Amino acid sequence: MIRKIFFIWAALLSFLIAAQALAANPGKAQIVAVAATGGTTATVTFTKPASNGGSPIVGYYVMSFPEGGIGALRQSGSGTLQVTGLSPETTYTFKVKTTNQMGGSSLSDASASVTTPRQPGTPKIAAATATSATTATVAFTAPTFDGGLPITQYTATSSPGGITGTVAQAGSGTITVAGLTPSTAYTFTVTATNAAGTSFSSGPSESITTNGPPGAPAIGAATATSATTANVAFTAPASNGGSPITQYTATSNPGGITGTVTQAGAGTITVSGLTAGTVYTFKVTATNALGTSVASEASASVTPKGPPGAPAIGAATATSAWTATVAFTAPASNGGSPITHYTATSNPGGITGTLAQEGSGTITVTGLTAGTGYTFKVTATNAAGTSVMSQATASVKTALFGVGSTGPGGGKVFYASTTGFSCGPDLTSTCNYLEVAPSDAPVSPWCSNSTWETKAGSRGLAIGVGFQNTLKMLDGDCTKSAAIVARSYAGGGLSDWHLPSVYELQALNRTQNELGFLPGKDHDHHYWSSSKLSDRSAYTVNTFGGSGGFGADDLKAWHPVRPIRAF
């Protein structure tokens, strides 16, 4: 059995040795075509060898002469090898080697020679043109040498930014570059590309500036033309941004009040709605289809002049039967010119009073009608004119009687109060007026008796207490008395005439010229008052020359008496 196995193995080994002796290297492939496909590449087309050497072909290798290019292809049949690693503008031949499992064939016969191409020559730059705020076109001329392969593309590149645009063609033309920045200066270069590579860049184009908003206008003079308007002059900017300017706008500071003019060149803008007396400057912008420029420098300041603003009204106060005072506050704006005077005007009647000053104050209006209700409005005036009227005051009523008016008792009113004062026998009534008899009563002592005494209580001094004082004088034991003389007067059929208190007598003295009051001619014009100074003396008032000085005299002394009454 062992001997049988040995003979089998020996027979198999002999077969294998014989089979190996029959296998060999493959034959040579045959190159049928060669082509340069780029500056560093080529293709080699071949047919497989007639013999595979008894073993399947596993691949082909190509070699360049001169050396440098290589390529391989793993297949058994005919085909085309891609060769890389060549040098541009170099002449090459190629040989192919075939391999099987036993090894490689000898090199094929050399191919025909080919020369590798190179990148194109440099294009020539032409004009660059801004076509919008973000685009430009760049014209170029094709290079005289295409590198041995057709040019397939041109590329324009911006500076700054390195923004590119391309056009796929072989000859001269124009490239559009998009994505630029508005109002920016650019130059451009152009390159040409073929299958071998890209050319050197052309020289730069002339600088262009993309379209955008205009430049800033140059400001001119600002001129106030009325209380609420001004004209603002300007000069057009050096650049319109590549698009015609359609409008200019002037803007005030303060207030942001604007005026516009629709035109392309220099001019003047009117700004309305300004406030008189306010100091303004102005700036101007230019606008085109692509936007609005930055603002110009500010103009010199101007102040529109006009009438002042309306004063703020205060309180009106009736001060007599025919007078009132009207308080006001000066307006916030004087209209750009100093206020010279204020005028208060009544309603009804249109009666006016003026006050020549610039600031707040109070105006007196005279010539009103007694017992009439009035409201008042105030205006302010400067060199440019008169303001609108203020709001109206609350209504006030003048006194029914005024100083100099004829009173109910036929005398003359010498004291008038719009607020009133206490009066009457016990001071529980309210009166507004005092009237005086038209002539003196008989001269009399203040009190004539044996004891120099009267009852206490007739010492009041104030306006309104004369009647109470007089009644208390009558409670005394005087046989002759100024109180009796005064109470005896019954002008107008009224029974409340009395001797005036010292303050009432002073008020009468102050109006003697206005009333035509003629003081008595004796005792140095000292009139008795109802105001007692001490147990032995009483106050008098010297009416000579309107002095109104206090005096005092013995109760038994004789002085003129002038009755009065309150109502």
Side-chain angles (χ1 to χ4, degrees), residues 130 133 181-185 207-312 330-342 357-359 379-389:
T181 300
S183 303
T184 302
S207 177
I208 61 160
T209 299
T210 48
N211 299 342
I219 196 68
T223 306
T225 51
S226 76
T228 58
T229 60
N231 285 344
V232 183
F234 64 92
T235 302
S239 170
N240 67 3
S243 178
I245 294 172
T246 56
Q247 178 177 281
Y248 293 89
T249 301
T251 302
S252 74
N253 180 31
I257 304 165
T258 59
T260 60
V261 64
T262 302
Q263 62 189 49
T268 300
I269 303 169
T270 297
V271 182
S272 302
L274 305 176
T275 300
T278 300
V279 178
Y280 290 98
T281 60
F282 300 88
K283 293 182 178 180
V284 176
T285 58
T287 300
N288 65 12
L290 301 171
T292 297
S293 73
V294 297
S296 69
E297 297 294 326
S299 69
S301 63
V302 295
T303 304
K305 291 178 174 60
S333 170
N334 66 2
S337 179
I339 294 171
T340 56
H341 68 273
Y342 295 88
Q357 65 184 42
E358 187 169 7
T379 58
T381 300
N382 65 8
T386 297
S387 72
V388 297
M389 285 187 164

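These figures come from a predicted structure and were not determined experimentally. Residue numbers count from 1 along this sequence.
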More than 12 heavy atoms of other groups within 6.0 Å of E297 CD: no
Judged by atom type as modelled, is there a donor-acceptor pair below 3.5 Å linking the side chain of N382 to the main-chain atoms of G385? yes
Within the side chain of T340, is there an N or O that forms a donor-acceptor pair under 3.5 Å with the backbone of T381? yes
Taking every non-hydrogen atom, the tightest pair across A224 and P304: CB-CA, 3.7 Å
I269 vs V284 side-chain heavy atoms within contact, under 4.5 Å: yes
Quick check for you: to the nearest 0.5 Å, what is the distance between L274 atom CG and Y280 atom OH? 5.0 Å
V279 and P254: which non-hydrogen atoms are nearest, and at how many Å? O-CD, 3.3 Å
Just by distance, do the side chain of T258 and the backbone of T251 share a donor-acceptor pair under 3.5 Å? no
Could you tell me whether the side chains of T281 and S301 share a donor-acceptor contact shorter than 3.5 Å? no
Atom of P217, atom of S296 and distance for their closest heavy-atom approach: O-CB, 3.1 Å
Looking only at non-hydrogen atoms, find the nearest pair between P214 and I245 and report the distance. CG-CG1, 3.7 Å
Are the side chain of T184 and the backbone N or O of P182 linked by a donor-acceptor pair below 3.5 Å? yes
P308 versus I339: any side-chain heavy-atom pair under 4.5 Å? yes
Value rounded to 0.5 Å, distance of CG in N253 from NZ in K283: 7.5 Å
Heavy atoms, side chains only, cut-off 4.5 Å: are F282 and V302 in contact? yes
Is there a donor-acceptor contact under 3.5 Å from the side chain of S333 to the main chain of A276? yes
Nearest-0.5 Å distance, CG of residue N240 to OG of residue S293: 11.5 Å
How long is the gap from OG1 on T386 to OH on Y342, to the nearest 0.5 Å? 12.0 Å
Which atom of A216 lies closest to which atom of P237, heavy atoms considered: O-CB, 3.5 Å
So does N231 get a backbone contact from the side chain of T268, meaning a donor-acceptor N/O pair under 3.5 Å? no
Using modelled atom types and a 3.5 Å cut-off, is there a donor and acceptor pairing between side-chain atoms of S226 and backbone atoms of T229? yes
Straight-line distance of F234 CZ to T249 OG1, nearest 0.5 Å: 9.5 Å
What distance do Q247 atom CD and T287 atom OG1 have between them, rounded to the nearest 0.5 Å? 5.5 Å
Output yes when a side-chain donor or acceptor of S387 lies under 3.5 Å from a complementary backbone atom of A380, and no otherwise. yes
Quick check: closest heavy atoms across K305 and G336, and the distance to 0.1 Å? CE-O, 3.4 Å
